[in-house]
2 protein chains.
Amino acid sequence: MVYQTDMLNSACTVSLQELKKNCSNCNLKDLCMPVGLKPEELERLDKLVSLRRKLLKGEHLFRTGEHFNSLFAVKTGTFKTLVNNQDGSDQVIGFQMTGELLGLDGLGTGQHMCEAIALEDSEVCTIPYSRLDELAQEFHALQMHFHRIMSREIVKDQNAMLLLGSMRAEQRLSAFLLNLTERQKARGFSSREMVLRMTREEIGSYLGMKIETVSRTFSKLQKDQLIKIDQKNLTILNHTLLQNLATGKAH
Amino acid sequence: MVYQTDMLNSACTVSLQELKKNCSNCNLKDLCMPVGLKPEELERLDKLVSLRRKLLKGEHLFRTGEHFNSLFAVKTGTFKTLVNNQDGSDQVIGFQMTGELLGLDGLGTGQHMCEAIALEDSEVCTIPYSRLDELAQEFHALQMHFHRIMSREIVKDQNAMLLLGSMRAEQRLSAFLLNLTERQKARGFSSREMVLRMTREEIGSYLGMKIETVSRTFSKLQKDQLIKIDQKNLTILNHTLLQNLATGKAH
DNA sequence: CGTGTTATTGAGTAGCATCAATAATTGTGG
DNA sequence: CCACAATTATTGATGCTACTCAATAACACG
């Protein structure tokens with residue numbers, strides 16, 4: 001819809017040629033898969049990432065147990081990933097923003113080990129794993145980069161374990177908010193203000209606390225003038241103090 | 001020291017030829033890096049994994065911030081990995097048994113993001129990353145297998161997040177003990193009895209609870225006849241009930 | 001054999017969960 | 001576009017889990 005040819009002659013500023021490319025002219029290329037690739041390699045990656053998929057808010061990108069075929073890069077929007085507990089309950093284990101990769105969990109067994117749901121209307125680039133693999137075999141830089149991405153995912157999860165295992169509610173929420181705003185900053189947005197795309201319940205699930213505790217902790221941080229939280233609109237009022245809280249350096 | 005040539009003529013039962021091999025005749029090859037490799041590929045991997053390193057109990061295999069060069073496969077013994085919190089405290093984020101890989105955290109940044117310490121006198125096989133990478137470029141099966149290993153590491157960490165985020169003390173410890181004994185079983189040992197190589201404090205750090213709570217929970221599980229715990233000697237007395245507890249199916 | 005570390009158990013308490021009521025917001029169909 | 005229902009969020013009162021502090025016991029190491 002958006003990329004109809006007749007639009008190109010009027011308001012739209014991108015050329016038809018550019019539209020055929022995917023990664024090359026993507027504004028996320030410094031965050032996403034193509035990091036550090038040469039033009040030639042980038043062109044090959046373009047062909048691989050030809051399929052885009054749009055998801056409405058609440059829609060599943062994949063579900064637990066589904067056959068793993070592809071990785072997904074978030075083009076626009078936000079996602080949450082959930083693991084299904086054996087007792088039937090779910091837990092949020094991550095939020096994914098633009099440029100971040102989804103589906104790495106499925107590579108080990110060939111089945112997705114978690115589910116991914118769009119938190120707003122979103123778009124993903126589909127990266128068929130078998131073809132990524134071929135290309136990585138050919139281009140060493142892509143190989144290395146893919147390994148680095150997976151390694152960073154591991155480190156990210158280990159930091160989440162740290163948060164869940166040894167922080168108290170106020171500290172968890174502070175660390176979480178700072179993490180979100182830093183990621184916003186890396187995408188060229190303000191690190192002072194942002195819109196939270198997730199509910200209090202989803203935040204609570206991710207941080208291992210109940211929705212009431214999340215709400216109370218938000219109120220506490222606001223009362224202490226560290227943040228302003230109006231619905232989903234967050235403003236960091238005192239970054240230094242919030243960071244002290246998050247890192248346990250608070251008096 | 002141990003592999004001096006003159007030892008081979010006396011008590012030692014392995015031949016000189018076998019000693020040159022590493023992975024090929026390793027009894028861990030069904031658990032470790034070589035899984036699913038062809039004989040030719042295995043032989044090439046052998047040359048790569050030539051360096052073994054012995055560590056005494058308490059010794060560091062690597063520290064946070066150290067330059068990342070190699071991955072390590074546990075040949076004998078047990079390790080713990082720790083992340084250093086910004087406030088100076090540490091948290092255990094994993095225990096590694098024979099055949100398990102250490103160091104994947106360092107790949108992303110080129111620096112180790114956690115530290116690894118031997119819980120008993122141990123031995124590791126050193127796998128230089130740059131050479132593993134070359135070999136993986138050549139042998140697709142090794143490439144795929146390495147990706148699967150990393151993916152499983154991610155899933156493992158996500159399950160740890162689940163444990164820390166949504167289980168209570170008794171459930172955490174039950175799940176932990178079952179996880180340990182299952183891994184023992186995969187190595188051909190009894191899944192009913194084992195020696196815990198870590199202290200109560202290390203267990204607590206991993207499970208996000210204080211040492212007193214670990215101790216009390218052990219006592220509770222013993223009182224309920226689910227386990228027998230005598231110092232570090234664990235016996236699973238009622239596997240079914242313990243599993244019900246761990247999976248939240250307990251009445 | 002003594003000293004430092006590790007483990008157990010008890011008493012009291014803090015922090016978070018639970019239950020509950022209400023308010024605000026979002027989504028839906030007429 | 002509005003009214004109603006469903007979802008989401010806030011705040012209070014109360015209870016339980018796990019933490020803290022403390023004392024003692026058991027063990028590991030030189």
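The analysis underlying the following values was restricted to heavy atoms, covering all of them including side chains, and did not include hydrogens, waters or symmetry mates. A, B, ... follow the sequence lines: proteins, then strands. Residue 1 opens every chain.
Near DNA chain C, meaning a heavy atom under 4.0 Å away, the residues from residues 227-238 of chain A are Gln231(A). Contacts of residues 208-219 of chain B with DNA chain D (heavy atom under 4.0 Å): Gly208(B), Met209(B), Lys210(B), Glu212(B), Thr213(B), Arg216(B). For DNA chain D, the residues of residues 161-179 of chain B within the heavy-atom distance limit of 4.0 Å (strictly under) are Arg168(B), Ala169(B), sorted by number.
Distance, Lys223(A) NZ to dT10(D) P: 16 Å, rounded to whole Å. As a whole-Å value, the separation of Arg197(A) CZ from dT8(D) P is 16 Å. With rounding to whole Å, Leu207(A) atom CG is found 12 Å from dC16(C) atom P. Across the protein-nucleic acid pair, Glu201(B) atom CD and dT8(C) atom C1' stand 14 Å apart, rounded to whole Å. Between Leu221(A) atom CG and dT10(D) atom P the separation is 12 Å, expressed in whole Å. The interatomic distance linking Ile203(B) (CD1) with dT6(C) (C1') rounds to 12 Å, in whole Å. The separation between Arg200(A) atom CZ and dA23(C) atom P is 18 Å, rounded to whole Å.
Note on the helix from dC1(C)-dG30(D) to dG30(C)-dC1(D): terminal axis deviation equals 60°, with five pairs used at each end and the result rounded to 10°.
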Name the atoms and distances for all side-chain donor-acceptor pairs under 3.5 Å in residues 203-213 of chain A, with sequence neighbours left out.
{"residue": "Ser205(A)", "atom": "OG", "partner": "Val92(A)", "partner atom": "N", "Å": "2.8"}

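Leu101(B) and Gln96(B) make their closest contact through O-CG, 4.4 Å (heavy atoms, listed as atom of the first residue, atom of the second, distance). Taking all atoms of both residues into account, the shortest heavy-atom contact from Val124(A) to Val74(A) is CG1-CA, 4.3 Å. Closest non-hydrogen pair, Arg53(A) versus His60(A), comes out as NH2-O, 3.2 Å. Contact between Gln225(A) and Asn238(A) at its shortest, heavy atoms only, is O-CB, 4.0 Å. Taking all atoms of both residues into account, the shortest heavy-atom contact from Gln158(A) to Glu153(B) is NE2-OE2, 4.3 Å. When all heavy atoms of Ser151(A) and Gly108(B) are compared, the pair lying nearest together is OG-N, 2.9 Å.
Residues Glu100(A) and Arg187(A) are paired through a salt bridge, judged by an N-O separation under 4.0 Å between the basic side chain and the carboxylate.
Residues Arg192(A) and Thr181(A) are not in side-chain contact: their nearest non-hydrogen atoms beyond the backbone lie 4.5 Å or more apart. The shortest side-chain heavy-atom distance between Val195(B) and Asn233(B) falls under the 4.5 Å cut-off.
Note on ring orientation: taking the six-membered ring where Trp is involved, the planes of Phe62(A) and His112(A) are parallel (angle under 30°, cut-offs 30° and 60°).
Considering only residues two or more places apart in sequence or on other chains, Thr217(A) meets the side chain to side chain donor-acceptor pair (under 3.5 Å) condition with none of them.
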Stepwise side-chain hydrogen bond (donor to acceptor under 3.5 Å, both in side chains) test for Glu115(B) and Asn84(B): CA-CA 8 Å; Glu115(B) 58 183 281; Asn84(B) 308 126; 2.8 Å; yes
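Lys220(A) comes within 4.0 angstrom of no nucleic acid atom, judged by non-hydrogen atoms across all strands.
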